[in-house]
Amino acid sequence: MRINQLDLFSGIGGFHLGFEKAGYKVTSFFSEIDKHAIAVYKHQFPKSTYVGSVTDIRGEDLPRIDLITFGSPCQDFSLAGKRKGMGGERSSLILEAIRLIGECRPRVFIWENVKGTFSSNSGEDFSAILQEFANIGGYRLEWQLLNTSWFLPQNRERIYLVGYSTTTKRNWRGVFPIGEASQSNSELECSREAVTKCLTARGQEGHAGMQLIKVKSATSQGYEIAEQGDSINFSQPNSETRRGRVGKQKAQTLETSCNQAVVENYRIRRLTPIECERLQGFPDNHTAFGNYDGEVKPMSNTQRYKQCGNAVTVDVVQAVAEQCKPLFK
């Protein structure tokens, strides 16, 4: 099916790609202010149209929009941030997205954000966001906390909220639940086997006799054991309080700076940009080049790590998009 998408805070196109992988024919109008992310989006989706900053977009200037997607800036909600919530300058940009939903009246809108949104300001911020969505009128709301680890070897919990018309047929079963509870073990194992070597890009298997690595952590014994294929988070190596420094056969949540390594035979090395792309469900080298005003240039590794850390997980979006198909018929 063909849809027109307004892709707000678009990053490198995770929502666009996720819907394409679900079988949609997507025409995107995308909004982003980071010049490097814009360049990657233009390079990967050359038929898309850049529409500027979210604050400058007006619904009357756009064609019929079927889908609005947005992973609005989340630093003010993040468990690792200062937790300013809706009072934060960046997180208040969600109100611009809500304005555009009212102006464009899409069939479906999808919002992605960090788990900390649930608890920000003792839950008051999430309640306020729900009220703003409800004030638009004419939409039902569903949401679920989804984890990338259900699809790919990265522990990344994010809220996905879907809004759709209140006139949906009565036999509609809804978008959620999605994830481990709704898939058979065999289906999950097949999907995991296809990507389980994301952390060992060279395809090396473990070797008998490899020495175990002790990683300092805030556990009762003061350390965790890292083995072949495990990830190690070294963002705060001297911390006395941080737990979860070792990811057992999966990465921990990717951030804008790549502070994770993978254990291979007899060595520890940093994750590569390609591995970070794979952990987010993007094709290899999705972020390798950007289109800067018609000139294609290579992207620095610093930018590639940042873009992957800021992105939505393509496979999670694909799962949501599959569930949404009846809403576009």
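Computed from a predicted model, the values in this text were never measured in an experiment.
- For the atom pair Met299 CE and Phe289 CZ, the distance stands at 9.5 Å (nearest 0.5 Å).
- Here the CG atom belonging to Leu100 is positioned 9.5 Å from the CD1 atom belonging to Ile65, to the nearest 0.5 angstrom.
- Open room surrounds CZ on Arg2; 12 or fewer heavy atoms of other groups in view lie less than 6.0 Å from it.
- Enclosure of atom CG in Leu141 by more than 12 non-hydrogen atoms of other residues, nucleotides or ligands within 6.0 angstrom is indicated.
- Residues Ile110 and Phe15 have side chains in contact (heavy-atom distance under 4.5 Å, counting atoms from C-beta outward).
- With hydrophobic clusters built from ILVMFWY side chains whose heavy atoms lie under 4.5 angstrom apart, Phe30 does not share a cluster with Ile33.
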Checklist line | Chi angles and distances behind the side chain to side chain contact (heavy atoms under 4.5 Å, CB included) call for Leu145, Phe118 | finding: CA-CA 10 Å; Leu145 187 68; Phe118 278 143; 4.2 Å; yes
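- Judged by distance alone, with hydrogens and angles left aside, the side-chain atoms of His286 form no donor-acceptor pair with the main-chain N or O of Gln44 at under 3.5 Å.
- Taking the side chain as every heavy atom from C-beta outward, Thr69 and Leu8 never approach each other to under 4.5 Å.
- The side-chain heavy atoms of Ser31 and Ile57, taken from C-beta on, include a pair separated by under 4.5 Å.
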Checklist line | Steps toward side chain to side chain contact (heavy atoms under 4.5 Å, CB included) verdict (Gln307, Glu277) | finding: CA-CA 9 Å; Gln307 290 164 5; Glu277 291 166 343; over 6 Å; no
Item checked: CA sep, side-chain torsions, deciding dist, call: Val262, Asp230, side chain to side chain contact (heavy atoms under 4.5 Å, CB included) -> CA-CA 6 Å; Val262 61; Asp230 290 348; over 6 Å; no
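- Defined by atom type and a distance below 3.5 Å, a donor-acceptor pair is present between the side-chain atoms of Tyr41 and Asp7.
- In this structure the side chain of Phe19 never reaches within 4.5 angstrom of the side chain of Gln318, judged on heavy atoms.
- Aromatic ring centres of Tyr50 and Phe29 lie farther apart than the 6.0 Å criterion allows.
- Taking the six-membered ring for Trp, Tyr24 and Phe328 have ring centres closer than 6.0 Å.
- Not less than 6.0 angstrom separates the ring centroid of Tyr164 from the ring centroid of Tyr139.
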Next item on the list: Carefully, step by step, assess Gln5 and Asp66 under the rule side chain to side chain contact (heavy atoms under 4.5 Å, CB included).
Entry: CA-CA 6 Å; Gln5 174 199 25; Asp66 304 298; over 6 Å; no
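- Both Leu146 and Val108 are part of a single hydrophobic cluster, where members link through side-chain heavy atoms under 4.5 Å apart.
- Although no hydrogens or angles enter the test, the distance criterion places a donor-acceptor pair under 3.5 Å between the side chain of Asn135 and the main chain of Gln131.
- Within the 4.5 Å cutoff, no side-chain heavy atoms of Thr272 are placed close to those of Asn301.
- Closest approach of Leu271 to Cys276, counting heavy atoms only: CB-SG, 4.2 Å.
- Put simply, CD1 on Ile136 and CD1 on Ile101 are 4.5 Å apart, with the number rounded to the nearest 0.5 Å.
- Clustering ILVMFWY residues whenever any of their side-chain heavy atoms sit less than 4.5 angstrom apart, transitively, puts Ile129 in the very cluster that holds Phe109.
- Using modelled atom types, one finds a donor on one side chain and an acceptor on the other under 3.5 Å when comparing Gln280 with Gln154.
- The distance from atom CG of Leu17 to atom CG of Asp315, rounded to the nearest 0.5 Å, is 9.0 Å.
- Nearest heavy-atom pair across Ile232 and Ala226 is CD1-CB, 3.9 Å.
- Both Phe9 and Leu95 belong to a single network of hydrophobic side chains, linked directly or stepwise wherever heavy atoms of I, L, V, M, F, W or Y lie under 4.5 Å apart.
- Across all non-hydrogen atoms, the minimal contact from Val162 to Cys324 is CG1-SG, 4.2 Å.
- Applying the salt bridge (charged side-chain N to carboxylate O under 4.0 Å, His left out) definition to pairs two or more places apart or across chains, those involving residues 31-49 are Asp34-Lys306.
- In summary, the aromatic rings of Phe126 and Trp143 are positioned with their centroids under 6.0 Å apart.
- Proximity of a side-chain donor or acceptor of Lys325 to a complementary backbone N or O of Ala22 within less than 3.5 Å is detected.
- Cluster membership for Ile38 and Phe45, using ILVMFWY side-chain heavy atoms within less than 4.5 angstrom, is shared.
- Partners of Glu142 under the salt bridge (Lys or Arg N to Asp or Glu O under 4.0 Å) rule, at least two apart in sequence or in another chain, do not exist in this structure.
- Without hydrogens or angle criteria, Thr253 side chain to Asn155 main chain gives a donor-acceptor distance under 3.5 Å.
- In this structure, Gly18 and Val317 approach most closely via the heavy-atom pair CA-CG1, 3.8 Å.
- Contact annotation: the side chain of Tyr160 approaches that of Val316 to within less than 4.5 Å [non-hydrogen atoms, C-beta and beyond].
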Margin query: Let's go through Ser53 and Thr55 carefully: what are the C-alpha distance in whole Å and the side-chain angles of both, what is the deciding distance for side chain to side chain donor-acceptor pair (under 3.5 Å) to 0.1 Å, and is it a yes or a no?
Written below: CA-CA 5 Å; Ser53 168; Thr55 58; 3.1 Å; yes
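- No donor-acceptor pair closer than 3.5 Å links the side chain of Glu112 to the backbone N or O of Ile159.
- Within the 4.5 Å cutoff, the side chain of Gln303 has no heavy atoms near those of the Thr287 side chain.
- With a 4.5 Å cut-off on side-chain heavy atoms, Val175 and Gln144 do not count as touching.
- Atom CG of Asp61 sits in a crowded spot, with more than 12 heavy atoms from other residues, nucleotides or ligands closer than 6.0 Å.
- Between the side chains of Glu295 and Asn291, no donor-acceptor pair of N or O atoms lies under 3.5 Å.
- A donor-acceptor contact shorter than 3.5 Å links the side chain of Ser231 to the backbone of Lys250.
- In summary, Glu255 and Arg156 do not engage in a salt bridge, as defined by a charged side-chain N under 4.0 Å from a carboxylate O.
- A donor atom on one side chain and an acceptor atom on the other are found under 3.5 Å apart for Ser165 and Thr167.
- The two residues Gln260 and Asn233 make their nearest non-hydrogen contact at CG-CA, 4.3 Å.
- One side chain, Thr313 or Thr148, offers a donor N or O that lies under 3.5 Å from an acceptor on the other.
- Taken to the nearest 0.5 Å, the OG atom of Ser48 stands 12.0 Å off from the NE2 atom of His43.
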Next item on the list: Could you check Arg99 against Glu96 for salt bridge (charged side-chain N to carboxylate O under 4.0 Å, His left out), going step by step and ending with a plain yes or no?
Entry: CA-CA 5 Å; Arg99 170 183 62 81; Glu96 295 290 344; 2.9 Å; yes
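- Salt bridge status for Arg269 with Glu264: present, with a side-chain N to carboxylate O gap under 4.0 Å.
- In plain terms, the two heavy atoms of Ile225 and Lys248 that are nearest each other are O-NZ, 3.1 Å.
- One distance of note links CG of Leu62 with SG of Cys104; it measures 5.0 Å at 0.5 Å rounding.
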